[in-house]
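The structure under discussion appears below in the form of structure tokens.
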2 protein chains.
Amino acid sequence: MGKPTISDVARLAGVSTATVSRALTGSLPVREHVKEQVQAAADSLGYAANSIARALRQERTTNVGMIVPDLSNPFFTLLVEGVEHRLQDLQISLLLCSSHGDVTIEAERLRSLQRSQVEVVLISPTHEFESAHALKTIARTVPLIQIDQFADGVETDWVGLDDALAMRTLIQHVVERGARTAAYIGGSATDSSARSRLDAARAECLRQGVALDEQNVLLGSVTIAGGEAASQRLSESGALPDVVICGADVIAYGVLQGFDRLGIKVPADVMVTGFDDIAFSALTRLSLTTIRQPIDAIAEAAVSVVQNLMGDAPPRPPHRSVLQPELIVRDSTNRVA
Amino acid sequence: MGKPTISDVARLAGVSTATVSRALTGSLPVREHVKEQVQAAADSLGYAANSIARALRQERTTNVGMIVPDLSNPFFTLLVEGVEHRLQDLQISLLLCSSHGDVTIEAERLRSLQRSQVEVVLISPTHEFESAHALKTIARTVPLIQIDQFADGVETDWVGLDDALAMRTLIQHVVERGARTAAYIGGSATDSSARSRLDAARAECLRQGVALDEQNVLLGSVTIAGGEAASQRLSESGALPDVVICGADVIAYGVLQGFDRLGIKVPADVMVTGFDDIAFSALTRLSLTTIRQPIDAIAEAAVSVVQNLMGDAPPRPPHRSVLQPELIVRDSTNRVA
DNA sequence: GTGAAAGCGCTAACAA
DNA sequence: TTGTTAGCGCTTTCAC
């Protein structure tokens, strides 16, 4: 009545359970005709090996866990999809968790994944500092790969974008289009990418001779509303800068909308840039110049580390895969110098 | 060196493994001071029960699987997030798969979940007819819950929206705003919700005296580009209808954009409605009248069925949870009759 | 190339 | 209330 087991197959095929195991997994050679017999018996019973029993015996599963801060953010969604797809090709199951941007939930999910005996955890930590403790604890028992963001002092593998190079490329572009003054609108700097992008923007403005007044650095929430509010504040504070650099596309779309409402013309009165290249361009009247996150390449790099970690290769020191950004020039900076 | 096992705890606490199991799980009463001793021993060793061994012994896991067609669609993303959140509260892990809208991949994922010994599978089948075979096969060994969409002839639990009521409400609204003629733009009817929405639209137009010419029924891809292309065709085919009913918000946004480019004014020249209420309204100049999918309620209903199925309740016939749609009136139908 | 048998870590049945 | 023991389904020695 219950599901067929390996002994059922063995009995039907007239061999031992060991032979069934070998025939089906190919772990050891089995005579051709025996193999066929076993296969036939398995098929006729609709047998599928119980992965629980296999995992117990082998002391390893084929599960990996993944924790992202926010599934309503297309960046993470696409990342999850890219990872899922590649893992399935490797016959690895994905246990997905969302931390909802909450460090407490994040810690809970980590423990839950640990109980599930996952082989590797992929995580985009939600807070640069507060996530660190839980991550360090878990990292003692299961290999971690940090993606995009990272937690302070947690030495694990990491896959992400070269934010510094991205900002350099971006600022070089707007300088070529005549920018001499800039504003920066970003997320409050509690996650590592928000901070690293801001740091990079500051450094590059300095290096390339663009004035970025501290009062023109506005940090808030990474949402359309946050961007719109910031554009409002910016317009009230006197002269507009040549360019508004946004730390994320959603912010930039809010800024575009805010300027539109205020009758400020982009790019004629002010240029605007984004970061991420989420697929909203098709929705808006004015297309956005931005930095494309190579999401698929990030997923690929992450999964390749997973393979590495799950293989029998000897332990190695943590490795950082730094991916190259791509500048996408569109209308929001379409201005002659 | 390896992870501590129950025998390590038992030895340290000076009791049997059975007592440790009882003390830690609470499956049977244990004397208070013994319990404390066991707890202390477990803590000091950093012991966490091996869920693989437990699952093998109990012949049940705490995993459920979920298969959605497309993670770039916010509807499914939000659904996944809602489900994940509630399952975690129940200490259930979520194995997530994407079928990428492909029946072959879908079948593969189903088998993968079966191997993982999930207790329940939540699925939004990608094709009304072609998904049926694989679903029926799997349903013999593991309980299925279909969400939103369903496969033809697969009798399982189902959670979704009352499409007929939604269309009735929507069409009633545009009739009140003076609509007498309509066009319908939707996805090609290979998934069950595309078909059921179109059927409902046809029926309601008939019932409420709105003319819906077959040549004004345009089926294509559920994307912004698809909507834009359809709006183009519509404008070329002569007189515009009073209202363009779209089977999904993304289509409607494409239509809005198409009309904008053609100099056609919404809602003055033509009204437009969507379906889903995805959160793009903030991005666009003109807000969209639409039907809100109660995603959170769908997730809640689905998880409550999961609980039901995983509890020890006796088997019961498949149950359909039909949720109520909500009409969201915004600017795209803001016209006096 | 094949079979017999042990054992992965846990819990449930049975005894005490 | 507690301990002893068997066994979940599989893979992997160790013999042959």
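So you know, we letter chains A, B, ... as the sequences are listed, proteins then strands, and number each from 1.
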Task: Nearest heavy atoms of B/Gln149 and B/Trp158, plus distance in Å - done: O-NE1, 3.4 Å
Open item on the list: I need the CZ-P distance between A/Arg115 and C/dG9, as an integer number of Å.
Closed with: 19 Å
- [ ] Starting from the first five and the last five pairs of the helix from C/dG1-D/dC16 to C/dA16-D/dT1, work out the angle between the resulting helix axes, to 10 degrees.
- [x] 40°
Open item on the list: Expressed as a whole number of angstroms, how long is the span from B/Leu56:CG to D/dC10:C1'?
Closed with: 8 Å
Open item on the list: Give me the atom names and distance for the closest heavy-atom approach of A/Ala10 to A/Val20.
Closed with: CA-CG2, 3.6 Å
TODO: Starting from P on D/dC8, measure out to CZ on A/Arg54 and report it in whole angstrom.
DONE: 18 Å
Open item on the list: How many whole angstroms separate atom CD1 of A/Ile6 from atom P of C/dG3?
Closed with: 12 Å
TODO: Mark yes or no for whether A/Arg60, through its side chain, and A/Met310, through its backbone, hold a donor-acceptor pair below 3.5 Å.
DONE: yes
Task: Integer-rounded Å distance: D/dG9 P and B/Ile52 CD1 - done: 15 Å
- [ ] Kindly indicate whether the side chain of A/Arg22 and the base of D/dT13 share any N or O donor-acceptor pair separated by less than 3.5 Å?
- [x] yes
Open item on the list: Pick the closest DNA chain D nucleotide for A/Gln58 and for A/Ala53 by heavy atoms, then say which residue is nearer the 5' end.
Closed with: A/Ala53
- [ ] Using the closest heavy atom to pick a nucleotide of DNA chain C for each, name whichever of B/Ser51 or A/Ala18 lands nearer the 5' end.
- [x] A/Ala18
TODO: Measure from CD on B/Gln114 to C1' on D/dG9 and round the result to the nearest Å.
DONE: 16 Å
- [ ] For A/Glu59 and C/dC10, give me the distance from atom CD to atom P, rounded to whole Å.
- [x] 11 Å
Open item on the list: As an exercise, state the distance from CG of B/Asp8 to CG of B/Leu45, rounded to the nearest 0.5 Å.
Closed with: 6.5 Å
Open item on the list: Can a donor-acceptor pair be found, under 3.5 Å and without considering hydrogens, that links the side chain of A/Glu106 to the backbone of A/Thr126?
Closed with: yes
- [ ] Please determine if a side-chain N or O atom of A/Ser16 lies less than 4.0 Å away from the OP1 or OP2 oxygen of C/dT2.
- [x] no
TODO: Measure the spacing between CZ of A/Arg111 and CD of B/Gln91 and express it to the nearest 0.5 Å.
DONE: 9.5 Å
Open item on the list: Measuring to OP1 and OP2 of D/dT11, would you say a side-chain N or O of A/Ser21 lies under 4.0 angstrom away?
Closed with: yes
Open item on the list: Under a 3.5 Å threshold, yes or no: a donor from one side chain and an acceptor from the other, between A/Glu81 and B/Ser98?
Closed with: yes
Task: Closest-nucleotide ordering on DNA chain D, the 5'-leading residue of B/Thr17 and A/Pro4 - done: B/Thr17
TODO: Measure from CZ on A/Arg57 to P on C/dC8 and round the result to the nearest Å.
DONE: 8 Å
- [ ] Check the side chains of B/Ser196 and B/Ser193 for a donor-acceptor pair under 3.5 angstrom, ignoring hydrogens and angles.
- [x] no
Task: Contacting residues from residues 25-41 of chain A, given that a heavy atom lies under 4.0 angstrom of DNA chain D - done: A/Thr25
Open item on the list: Against A/Thr156, only a single residue in A/His319, A/Arg320, A/Gln146 fulfils side chain to side chain donor-acceptor pair (under 3.5 Å); can you say which?
Closed with: A/Gln146
Task: Donor-acceptor under 3.5 Å (A/Gln114 side chain, A/Ile138 main chain) - done: no
Open item on the list: Please classify the nucleic acid contact of A/Ala49 as base, sugar-phosphate, or nothing, using heavy-atom distances under 4.0 Å.
Closed with: sugar-phosphate
